Enquirer: 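Have a look at this one.
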Amino acid sequence: MRRKLVVGNWKMNGSRLANAELLAGLEEAGPFDADVAVCPPLVYLSEVALSLQGKRTAWGAQDCSARDSGAYTGEVSAAMLAEFGCKYVIVGHSERRALHAESDQLVADKAKAALAHHLTPIVCVGETLAEREAGQTDVVVKRQMSAVIHTLGHCISQIVVAYEPVWAIGTGKTATPEQAQAVHALLRTQLHAATPKSEEMQILYGGSVKPDNAATLFSQPDIDGGLIGGASLKAADFAAICRAAA
Ligand code: 13P
């Protein structure tokens, strides 16, 4: 049985005060019978790491550079994230693919850099509404996944995958459990061809996961938890989603 994982992607939200309240609320609501992690904006990472020291909740970053060091203004390397105790790093989020023109290959290179520093990359894939309506969902997610499979080789089993349909992110429109399951199954089949460990890999769903739809989504056979945006900013909602994963 795969263990469920719930990750809060805070995106560019929070403040020192709000973060402290959120983490305190989460601590009070736990522990949860699932793996839980939060990914704050980078500037808060060390403070969040300090406050989660010795607790069950893990932490991670929302992005990392594909490079190790050098003249890359504004970038942060996987090695630096590892120094601050990160367990995870999200790579290839659709907001970065769209707003920062990240290519499939760059995302794969970021995942490789993360693994080289013993971080678990949470690799996001997902189609836009136009791609879904054009019947391109399978082709798009397989293409995005395939770049990562080719770059990581047998190490592919060490990543976490997140299927996030772009049209469901922050829109309140969730993929139905059946729609999500269909893509998760497709991804697992693709991973199966690349590693004997595909059945052990966690594939998360993201896109308007809320306390009232989490349990049904998480009960699908190939959905192993969630990558949560908006609802991860409220302790009560995030805790309810973590409970739904147990
Ligand atoms: P929402 O949960 O706000 O739709 O965001 C999903 C997401 O993008 C998580 O990475």
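All ligand and atom numbering here is 1-based and tracks the order in the structure. Predicted model only: the values in this text are computed from it and were never measured.
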Enquirer: For D222, what residues pass the side chain to side chain donor-acceptor pair (under 3.5 Å) criterion, not counting sequence neighbours?
Expert: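 D222: side chain to side chain donor-acceptor pair (under 3.5 Å) contacts with Q181, R188.
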Enquirer: Within a distance under 4.0 Å of any heavy atom of G230, pick out the atoms of ligand 1 and give their elements.
Expert: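 Atoms satisfying the 4.0 Å criterion: 1 (P), 2 (O), 3 (O).
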Enquirer: What I want to know is whether K11 and ligand 1 share at least one N or O pair that is separated by under 3.5 angstrom.
Expert: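 Looking only at distances, the answer is yes, because the N/O contact criterion of under 3.5 Å is met.
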Enquirer: Closer than 4.0 Å to some heavy atom of N9 - which atoms of ligand 1 meet that?
Expert: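 Result: 9 (C), 10 (O).
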Enquirer: For E164, take its heavy atoms, then give the atoms of ligand 1 lying under 4.0 Å from any of them.
Expert: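 Those qualifying, in numeric order: 6 (C), 7 (C), 8 (O), 9 (C), 10 (O).
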Enquirer: Check each atom of ligand 1 against the heavy atoms of G229 and keep those under 4.0 Å away; list them by number with element.
Expert: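 In order of numbering, the contacting atoms are 1 (P), 2 (O), 3 (O), 5 (O), 6 (C), 9 (C).
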Enquirer: Give a yes-or-no answer on whether the side chains of H93 and Q62 include a donor-acceptor pair shorter than 3.5 Å.
Expert: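 No, no side-chain donor-acceptor contact under 3.5 Å.
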Enquirer: Please state whether S208 comes within less than 4.0 angstrom of ligand 1, counting heavy atoms only.
Expert: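 Distance cut 4.0 Å: S208 passes for ligand 1.
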Enquirer: Need the ligand 1 atom indices (1-based, order shown) with element for anything under 4.0 Å from a heavy-atom of G207.
Expert: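 Matching atoms, with element in brackets: 4 (O), 6 (C).
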Enquirer: Show the atoms of ligand 1 that are less than 4.0 angstrom away from any heavy atom in H93.
Expert: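 Ligand 1 atoms under the 4.0 Å threshold to H93: 7 (C), 8 (O), 9 (C), 10 (O).
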Enquirer: Using modelled atom types and a 3.5 Å cut-off, is there a donor and acceptor pairing between side-chain atoms of H100 and backbone atoms of E102?
Expert: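 Not at all, since once roles are kept as given, no pair shorter than 3.5 Å links the two residues.
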Enquirer: List every atom of ligand 1 that sits less than 4.0 Å from any heavy atom of G170, numbering the atoms from 1 in the order shown and giving each element.
Expert: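 It comes down to these atoms of ligand 1: 1 (P), 3 (O), 4 (O).
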Enquirer: Once you measure the plane-to-plane angle for H184 and Y205, does it fall in the parallel (<30°), tilted (30-60°) or perpendicular (>60°) bin?
Expert: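 Tilted, since the angle between the ring planes falls between 30° and 60°.
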Enquirer: Show which atoms of ligand 1 fall inside a sub-4.0 Å distance from at least one heavy-atom site of A168.
Expert: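 Taking each heavy atom of A168 in turn, ligand 1 has 4 (O) under 4.0 Å.
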